[in-house]
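Reviewing the structure listed below.
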Amino acid sequence: MDLLSGLNDAQREAVTAPPGPVMVMAGPGSGKTRVLTHRIAYMVQHLGARPRDLLAVTFTNKAAREMRQRVDSLLGGSGARSADSLTLGTFHAISARILRREAEAVGMRRDFVIYDDDDQMTLMRQVVKELGFDPKQVQPARVLAGISRAKGELIDPQDYPASSYFEEITRRAYLRYQDLLRVNNAFDFDDLLFALVRLLRDQPEARLRYQSRYAHLLVDEFQDTNTSQYALLRLLATESPDLFVVGDADQSIYRWRGADYRNVRRFLDDYPQARLILLEQNYRSTQTILDAAMAVIDRAPARQKKRLFTDRGSGIPVRVHEAYDETDEAHFAVETIALLTQRGQADPRDVAIMYRTNAQSRMIEEAFLQAGLPYNLVGAQRFYGRREVKDVVAYLRLIHNPSDQVSLLRVLNTPPRGLGAKAIETLLQTAERAGLSTAGLLIELGRNASSPLSEGFAARALGALSAFGRMLDAWLGRAESLPVTTLLDEVLAHTRYQNYLDDGTEEGAERWENVLELRNVAADFDDMDLASFLENVALVSDQDTLTDAQNAPTLLTLHAAKGLEFPVVMILGLDEGLLPHQRSFDDPEEMAEERRLFYVGITRAKDQLFLVRALRRRQSGTAMASEPSRFLQDIPSDLVNGEFGFQRTREQSSYQRQTRWDSWSAPPAPKEAVFRSGMRVRHPAFGEGMVIESRLEHDDEVVTIAFQGAGFKRLSVSLARLEILEDLPDDSA
DNA sequence: TAGTCTGGGCTTTTT
DNA sequence: GCCCAGACTA
C-alpha cells in the first residue's frame with residue numbers, strides 16, 4: 001500500500017475514511033492537497049470508484065491543473081483508470097461546462113458567452129442610462145455589487161428587497177440587466193452558479209441525472225464557498241452522499257465576495273454524522289514562523305483554537321523593517337533579495353513579495369526596473385484586461401455568438417471605420433424596428449447594400465456598415481471549420497488590426513506583442529473549439545497566470561498568495577489603513593478578515609519572513625505619516641529581529657540609493673576588456689550603436705558608445721545590458 | 001467623426 | 001497620482 005506510506009495518522013485517516021460526509025480541517029502547510037489527491041487515488045484503487053464518477057472542485061484553474069497532474073501520476077493508469085475522465089475544476093468552470101450541455105433547459109443557447117467585470121459594467125451603464133439615471137449619481141459598480149450579492153444569495157430580481165430608494169433602483173436595474181443578458185445570450189460569473197442551481201432545484205429529472213453522474217464529491221478551500229456554491233453541493237449530493245470537503249476557517253479571505261465560512265458550521269449541522277478530521281502538523285514553516293502566525297490569528301474573535309506544530313525546528317527570527325517611505329520600502333525589498341542571493345541564502349525564485357492592494361505593486365516594479373532586475377508579477381488583469389486583448393477576444397466572441405451586443409459594439413468601430421454615435425444609434429433603432437438582431441441587420445446590409453433597411457443611414461456610414469457586415473458574414477460561415485488560430489489570423493488580417501495598433505510608438509509595438517501572445521494561448525486550443533477557448537479566457541484568474549518562467553522573485557497580492565508557499569516571504573505595507581485596510585475599520589467582521597489575510601501571508605513562508613512598513617506613505621497624491629499596523633504588536637518580540645521605532649529621515653535611510661545590479665549575483669570582476677572599439681552593440685533603451693572606447697576601471701569595464709539615436713553614452717558593462725551585434729575581425733583595424 | 005483636453009472621481013481583495 | 005468619461009475643437 002505505498003499510496004498510504006508517507007502519510008501521518010490524521011492524513012491517513014482522511015484518505016481512507018469510508019464514503020460519507022467528511023470534513024477535513026487543515027491548517028496551513030498540513031498537506032491538504034496531498035490528502036485530496038491521495039483520497040482520489042485511494043477511491044479509484046481501493047474502493048472501486050471510476051474517475052468519471054468523481055467531481056472535484058478547486059479554487060483556481062491552476063490548482064485544478066496541478067491536482068489533475070498529481071492524481072495522474074498517483075494513478076499511473078490509462079483509459080478508464082486515468083485522471084483524464086475526472087471532472088475537476090473551479091465551481092465556475094464546472095458550471096459552465098454543465099450549462100453548455102443543458103443550455104436549452106435553462107433557456108439559453110449553447111453558444112452563450114461569459115461576461116467579465118468589464119462587460120458587466122458596459123451593460124450596466126447602459127441599463128442605468130436607459131432607466132433615466134445619471135451614472136454619476138447611480139454608480140453602475142454599486143448597482144452591480146448589489147446584484148452580485150443577491151445572486152450569490154440566490155435571490156431573483158423579483159424578490160430583491162427594496163427597502164431603500166437605492167435598493168429600489170437596484171431592483172429595477174437587476175430586472176432589466178437580466179433581460180439584456182438573456183438577449184445577448186450571455187451569463188455573468190454569478191449567473192453560472194445561479195443558473196445551475198435553478199436547473200437542479202427546479203428540474204428533478206436533471207437533478208437525479210447529475211446526482212447519479214457524480215457519485216463522489218470533493219471540495220477544496222471549502223471555507224471560501226458562498227451560498228450558491230453550497231446550494232450547488234447540496235443539490236448534487238444524494239440522501240447519503242459521499243462528500244469530502246477540506247478547508248480552514250482561519251484562511252477564509254473572500255467574505256467580500258460572498259464567501260461564508262459559516263458554511264463550515266452549516267455543513268456540520270446538515271450532516272451531523274460527518275466525520276471530522278483535524279490536520280495540525282505543519283510541514284512547511286519553521287516553528288518561529290508558526291508561532292508568529294498563531295500569535296496573530298489567536299487574537300481573532302470567535303474562533304476555534306488550533307495548534308500548529310512542526311518538527312522543522314525554530315529557524316531564524318522574523319525580520320521587521322521600517323522604511324522611510326514606499327519608495328524606500330520597495331528598494332529595501334529589492335536590495336535584501338539581491339543580498340540574500342549573493343550570499344547564496346536563497347534563489348531569486350524562492351522569494352515572494354506580498355502586499356494588500358494591487359496599487360502597491362507599481363512602486364515595487366519600479367524598484368526592480370531601476371535595479372535592472374527581473375520579477376514575476378501575478379495578475380491576469382495585466383494581460384486579459386488590456387484593451388487590445390479585449391478587442392480581439394470581442395471579435396472572437398461575436399463570431400461565436402452574434403447575439404453578443406456588448407462585444408459587437410466594442411468592435412464595430414475598432415479599428416475606426418468612421419462609425420460614430422449617430423450611425424450606431426440608427427443601426428440599433430433600425431434593427432429593433434425590423435425585428436432583427438443587430439448582427440443580423442449588419443449581415444443583411446452586407447449582402448444587399450440597397451436593401452430597404454438601408455434608408456436612414458448616411459451614405460458613408462452605410463458603406464462602413466455593409467463592409468463590416470460582409471466581413472462578419474464571411475467569418476460566421478467559416479468559424480466552425482477553422483482552428484482558433486486560423487480564425488484569429490483572419491480577423492487580424494481583415495481588420496488590419498496590426499496596422500491600427502502600430503502607431504510607431506513603443507507602446508504600439510507592445511500592444512501588438514500582446515496580441516501575438518494571445519495567439520500563442522489560442523494555439524493551445526487548436527484541436528478544441530472556439531467555445532473552449534473563450535470559456536478558458538473568461539474564467540482565468542490572477543493566480544492562473546503565475547509562472548516561474550524566469551528565475552526571479554514573485555510579486556503578488558496577499559489574496560493571490562493563498563495556496564502557495566515560498567522559502568522567503570516579504571510582506572510590505574504593514575501600516576494602519578493598508579493592512580488592515582481602511583475600509584475594514586468600522587466593521588469587526590471585516591477587521592477579522594484582514595487579520596486572517598495577514599495570517600495567510602505569514603504562513604506562506606517556509607524559512608524566512610520579512611515584515612516591512614514605511615513611516616510615510618502617499619495616499620492619493622499626498623504623503624502622510626502612517627502608523628504601524630496593529631497586527632505587528634501581536635507578534636511576541638522574542639520572535640522578532642528588527643529595527644523598529646527608529647524615526648528616520650530620508651537622508652538616514654539606507655535604501656534610497658538606486659543601485660543597479662542587473663544580475664542577481666554580482667559578476668566576477670573582469671580581467672580584460674570584452675568590448676573593442678568599432679564593435680556594433682545594442683542597448684535595451686538606447687538602441688544600436690558603435691563602441692568608441694573601452695577600458696577597465698574599478699573592477700568594471702567602462703565603454704563609450706555612440707548610439708544612432710541617443711548620442712554618446714558612457715556605460716558600465718556590468719550594469720548596462722549590452723548585446724554584441726557584430727564583432728570585427730582582427731585584421732579590420 | 002476623431003483626436004485632444006479637462007475635470008471629476010477614485011482606490012481592496014477576484015471567480 | 002492616475003484613469004476615465006464626456007466635452008470640446010479641428
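Numbers restart at 1 for each chain; the letters A, B, ... are given by sequence-line order, proteins then strands.
- Residues A:D156 and A:R198 are paired through a salt bridge, judged by an N-O separation under 4.0 Å between the basic side chain and the carboxylate.
- Per the geometry, OH belonging to A:Y599 stands 19 Å off C1' belonging to B:dT13, to the nearest Å.
- When rounded to the nearest whole Å, the span between CE of A:M121 and C1' of C:dC4 equals 10 Å.
- In this structure, A:N226 places its CG atom 12 Å from C1' of B:dT14, rounding to the nearest Å.
- By the 4.5 Å heavy-atom criterion applied to side chains, A:D404 and A:Y115 are counted as neighbours.
- Among C:dC3, B:dA2, B:dT13, the nucleotide with an atom closest to any side-chain atom of A:P416 is B:dA2.
- Contact check on A:R362 versus A:E365 returns no salt bridge, with no Lys/Arg side-chain nitrogen under 4.0 Å from an Asp/Glu carboxylate oxygen.
- Salt-bridge annotation for A:D391 and A:R511: absent, with no side-chain N of the basic residue lying under 4.0 Å from a carboxylate O of the acidic one.
- If you check every strand for non-hydrogen atoms under 4.0 Å, A:L192 touches nothing.
- Taking every heavy atom of both residues into account, A:R299 and A:D634 meet most closely at NH1-OD1, 3.1 Å.
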Identify each atom pair where a protein N or O and an N or O of nucleotides 5-10 of chain C are less than 3.5 Å apart, giving names and distance.
from	atom 1	to	atom 2	distance (Å)
C:dA5	OP1	A:R125	NH1	3.4
C:dA5	OP1	A:R125	NH2	3.4

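- Nucleic acid contact for A:Q139: sugar-phosphate only, since backbone atoms but no base atoms lie under 4.0 Å from a heavy atom of the residue.
- Whole-Å rounding puts the A:F194 CZ to B:dT15 P distance at 22 Å.
- Salt-bridge check for A:K62 with A:E66: passed, with a basic side-chain N closer than 4.0 Å to an acidic carboxylate O.
- Dashed line: the shortest gap from a side-chain N or O of A:T60 to OP1 or OP2 of B:dT15 is not under 4.0 Å.
- Taking 4.0 Å as the cut-off between side-chain N and carboxylate O, A:K32 and A:D248 do not count as a salt-bridged pair.
- Across all strands, A:N413 comes closer than 4.0 Å only to sugar-phosphate atoms, never to a base (heavy-atom distances).
- A:E366 has its CD atom 11 Å from the P atom of C:dG1, to the nearest Å.
- Each of B:dT15, B:dT13, B:dT11 was ranked by its minimum atom distance to the side chain of A:N358; first place goes to B:dT13.
- Atom CG of A:L558 and atom P of B:dT14 are 10 Å apart (whole Å).
- The CZ-C1' distance, from A:R142 to B:dC10, rounds to 14 Å in whole Å.
- Rounded to whole angstrom, the span from the CG atom of A:D119 across to the C1' atom of B:dT14 amounts to 15 Å.
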Give the C-alpha distance, both sets of side-chain angles, the deciding distance and a yes or no for side-chain contact (heavy atoms from CB on, under 4.5 Å) between A:R397 and A:D119. CA-CA 12 Å; A:R397 291 209 311 202; A:D119 306 319; 2.9 Å; yes

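- The A:H581 side chain lies nearest to B:dT11 when the options are B:dT14, B:dT11, B:dT15.
- Nucleotides of DNA chain B nearest to A:I253 and A:A423 differ in position, and the one nearer the 5' end is that of A:A423.
- The side chain of A:R257 approaches B:dT15 more closely than any other nucleotide in the set B:dT1, B:dT13, B:dT15.
- The aromatic ring of A:Y254 does not sit over the base of B:dT14, since the test of centres under 5.5 Å and planes under 30° is not met.
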